[in-house]
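Report on the structure given below.
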2 protein chains.
Amino acid sequence: MTPLPGSGTDPRPVSAMSRHRATMRDVAALAGVSLKTVSRVVNREPGVSATLVQRVEAAAAELDFRPNLGARSLRRADGKTATIGLVLQDLANPFSAALHRAVEDIARARGVAVLSGSVDETADRERELVTAFSSRRVDGLIIMPTGEDHGYLMLERRAGVAMVFVDRAPARLEADVVLADNEQGARDGVAHLIAHGHRRIAFLGDRSWIATEEQRYEGFLAAMAEAGLTVEPELVIKDLDTMDAADAAVVRLLGLPDPPTAIFAAQNLVTIGALRALRDAGMQHQVALVGFDDFELADLLQPAVTVVAQDPQEIGHRTAELLFARLDGDDSPWRVEVIATRLIERGSGELPPLRTPHLA
Amino acid sequence: MTPLPGSGTDPRPVSAMSRHRATMRDVAALAGVSLKTVSRVVNREPGVSATLVQRVEAAAAELDFRPNLGARSLRRADGKTATIGLVLQDLANPFSAALHRAVEDIARARGVAVLSGSVDETADRERELVTAFSSRRVDGLIIMPTGEDHGYLMLERRAGVAMVFVDRAPARLEADVVLADNEQGARDGVAHLIAHGHRRIAFLGDRSWIATEEQRYEGFLAAMAEAGLTVEPELVIKDLDTMDAADAAVVRLLGLPDPPTAIFAAQNLVTIGALRALRDAGMQHQVALVGFDDFELADLLQPAVTVVAQDPQEIGHRTAELLFARLDGDDSPWRVEVIATRLIERGSGELPPLRTPHLA
DNA sequence: TTGAAAGCGCTAACAA
DNA sequence: TTGTTAGCGCTTTCAA
């Protein structure tokens with residue numbers, strides 16, 4: 001038996017050892033068995049005598065053997081890499097980060113690793129990421145989609161890659177989706193403002209081609225219609241793609257001859273931008289506000305902020321579970337799973353309408 | 001030339017096509033060239049005639065060829081997978097999430113994908129994650145370390161895996177590290193409170209075995225010593241591992257016969273827990289507070305919260321750049337890069353000391 | 001229960 | 001400029 005690099009019988013000092021990673025061959029040689037026996041032990045296949053199992057395991061430990069999953073998936077019949085890809089809009093966004101963590105927890109329990117990346121609402125980057133993951137032969141994809149045509153994913157699907165969409169439905173592609181009940185959530189939030197006496201309610205939205213935004217706007221319209229209220233075009237401001245844009249929009253609203261008495265902010269960052277504007281104008285106790293999506297410290301502000309909360313953890317768990325069900329062979333028809341939202345009353349949404357000067 | 005699955009000449013409907021991914025062999029056959037020529041074109045090696053380049057590219061596009069990076073790295077001399085592993089404490093934590101995004105941006109520019117995972121301050125999970133990444137043959141590792149012995153990473157290093165630590169230095173291992181200037185930052189924050197007249201300053205810290213916590217505590221001690229102030233043991237509370245624990249600690253402090261006039265909160269969640277307790281006690285305008293690490297909405301609270309801000313984006317960029325420098329062959333001695341912190345005065349840290357009843 | 005041989009998709013080394 | 005052959009580390013298939 002020849003001494004192997006890294007083995008205890010290797011007389012060279014650690015620093016002089018070659019950059020060698022032990023392979024199954026090395027382990028087999030040290031244990032005095034065949035390659036296939038090592039493979040059997042490593043994969044816990046039955047039918048190896050206890051003696052050999054022990055000898056192989058000792059040799060593997062001795063050499064710090066780490067099976068090469070790339071080589072394994074290359075050879076295996078199912079080609080599985082035990083890796084999935086997660087395409088998010090922005091890893092640093094709290095909603096995406098919470099979702100990411102939830103997916104990780106489910107994946108980890110199955111020994112699956114997660115590749116992830118940010119798309120920043122750019123269809124090209126979504127394709128780039130999918131390609132990058134695809135070249136690494138991920139078993140499945142979880143995608144928060146951007147853009148108007150996801151037909152390109154048919155290729156991946158045909159190649160046997162499982163996929164589930166999250167937060168938004170894909171365009172032109174039938175597929176599994178897990179999303180929050182955006183329309184109902186927005187409807188609840190706006191109805192809450194109406195119930196507190198508001199009639200002039202402003203709608204502030206993110207980029208309107210994002211499906212969730214569209215659905216939240218629909219919810220706003222539905223709640224207004226249900227109450228027999230007309231929607232004033234001057235109070236609907238969309239395409240607010242930054243906090244500052246939302247801030248500026250609220251400044252504009254407050255300067256109207258007949259300003260809104262309440263604001264429905266349809267997204268995270270839009271809500272925060274609106275909060276800043278109200279605070280800077282000293283109007284945070286005069287104008288009611290309900291935001292879509294909860295955020296840290298909403299309860300510590302004055303007034304505390306009433307929100308329609310999504311449950312990113314639940315959404316992430318359900319998404320990952322659906323993906324793994326597909327990987328396990330579930331071939332039932334495409335499913336759309338809708339996760340309920342929850343209205344959290346904290347104060348800002350319960351402010352009464354302010355009588356505006358010219359109405360007084 | 002036989003029709004290949006997925007090719008335009010394949011008469012079968014899409015739904016009936018086999019789950020086949022085109023390989024270089026398929027592309028070679030369709031283009032009527034050898035395997036090696038396809039390899040050359042795919043890898044943009046020089047010395048292929050324009051005609052063949054075009055023919056190969058057309059065939060590759062036709063078949064939706066995606067090179068298998070796993071197979072490539074298996075065969076290549078350098079064994080590179082164009083994938084790195086990122087070990088964080090918690091993907092959902094805003095600091096970790098911002099760092100993650102910064103690393104992603106640098107990696108993406110180089111065509112490198114990022115595997116990531118959460119450790120939750122558990123040494124075992126750190127090892128598990130490193131093993132999982134190692135089995136997938138990542139080229140490099142970025143680790144936010146936990147635990148008291150990182151000697152086990154010598155194996156990875158010996159196998160040629162580059163590694164850089166972030167946020168904290170590893171234990172018992174010489175290695176590259178990028179971290180915030182925790183001691184100086186804490187010192188600045190506490191000195192700021194002292195400059196505003198405070199003498200009885202409480203220190204609230206996270207789990208004390210975390211290196212950053214230790215350093216921040218050292219900074220606290222240094223600032224106190226520099227001002228000739230004695231540290232009251234009853235005002236030092238460590239090992240606050242949740243927001244609620246921090247909240248409870250502040251409740252306890254406020255109930256002391258001689259409560260502190262100022263609080264230095266050495267970590268993110270600790271700061272928020274302290275804020276809640278002060279607000280619930282109605283003392284947020286009476287007790288000064290400086291927190292370590294900035295957070296969204298700190299400027300919107302009343303009073304707005306003075307913090308020692310880290311720069312997670314800068315930290316992430318520098319870390320990734322250092323890792324890639326190592327992967328590019330930089331073999332200079334281990335480096336410790338310290339990123340400066342910045343004191344942001346917003347109000348809570350500038351409150352004057354409250355005269356306590358028994359001193360009045 | 002164990003092992004030998006072939007080959008997954010790709011690139012290195014060499015040949016034409 | 002293009003192609004042939006071998007083999008990366010592993011699992012499959014088949015034989016002993």
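By convention in this document, chain letters (A, B, ...) are assigned in the order of the sequence lines, proteins followed by strands, and residues within each chain are numbered from 1.
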Are A:Ser135 and B:Arg66 close enough that a side-chain donor and a side-chain acceptor fall under 3.5 Å? no
Under 3.5 Å, is there a donor on one side chain and an acceptor on the other for A:Ser118 and A:Gln89?
no
Within the structure provided, determine whether A:Asp26 and A:Phe65 are in side-chain contact (heavy-atom separation under 4.5 Å). no
Considering every strand and a 4.0 Å limit on heavy-atom distances, what is the contact class for [X]: base, sugar-phosphate, or nothing?
{"X": "B:Val42", "answer": "nothing"}
{"X": "B:Val33", "answer": "sugar-phosphate"}
{"X": "B:Leu52", "answer": "sugar-phosphate"}

note: A:Lys36, atom NZ; D:dT13, atom C1'; distance rounded to Å ~ 9 Å
Hits for side-chain hydrogen bond (donor to acceptor under 3.5 Å, both in side chains) against B:Asp176, two or more places apart or cross-chain, chain-then-number order -> B:Arg326
Kindly give the atom pairs (protein nitrogen or oxygen, nucleotide nitrogen or oxygen) under 3.5 Å for nucleotides 7-9 of chain D.
from, atom 1, to, atom 2, distance (Å)
D:dG7, N2, B:Arg75, NE, 2.1
D:dG7, N3, B:Arg75, NE, 2.7
D:dC8, O2, B:Arg75, N, 3.4
D:dG9, N2, A:Ala71, O, 3.4

Listed once per pair and sorted, the salt bridge (Lys or Arg N to Asp or Glu O under 4.0 Å) pairs that draw on [range], sequence neighbours left out:
{"range": "residues 130-140 of chain B", "value": "none"}
{"range": "residues 67-78 of chain A", "value": "none"}
{"range": "residues 103-121 of chain A", "value": "A:Arg101-A:Glu104, A:Arg101-A:Asp105, A:Glu104-A:Arg108, A:Arg110-A:Asp328, A:Asp120-A:Arg125, A:Asp120-B:Arg101, A:Glu121-A:Arg168"}

Tested for side chain to side chain contact (heavy atoms under 4.5 Å, CB included) against A:Ile143, the lone hit among A:Val119, A:Asp167, A:Val130 is A:Val130
Footprint ends on DNA chain C, 5' to 3', for atoms under 4.0 angstrom from a heavy atom of chain B, come out as C:dG9 to C:dA13
Strictly below 4.0 Å: does B:Ser34 bring a side-chain N or O up to OP1 or OP2 of D:dT4?
no
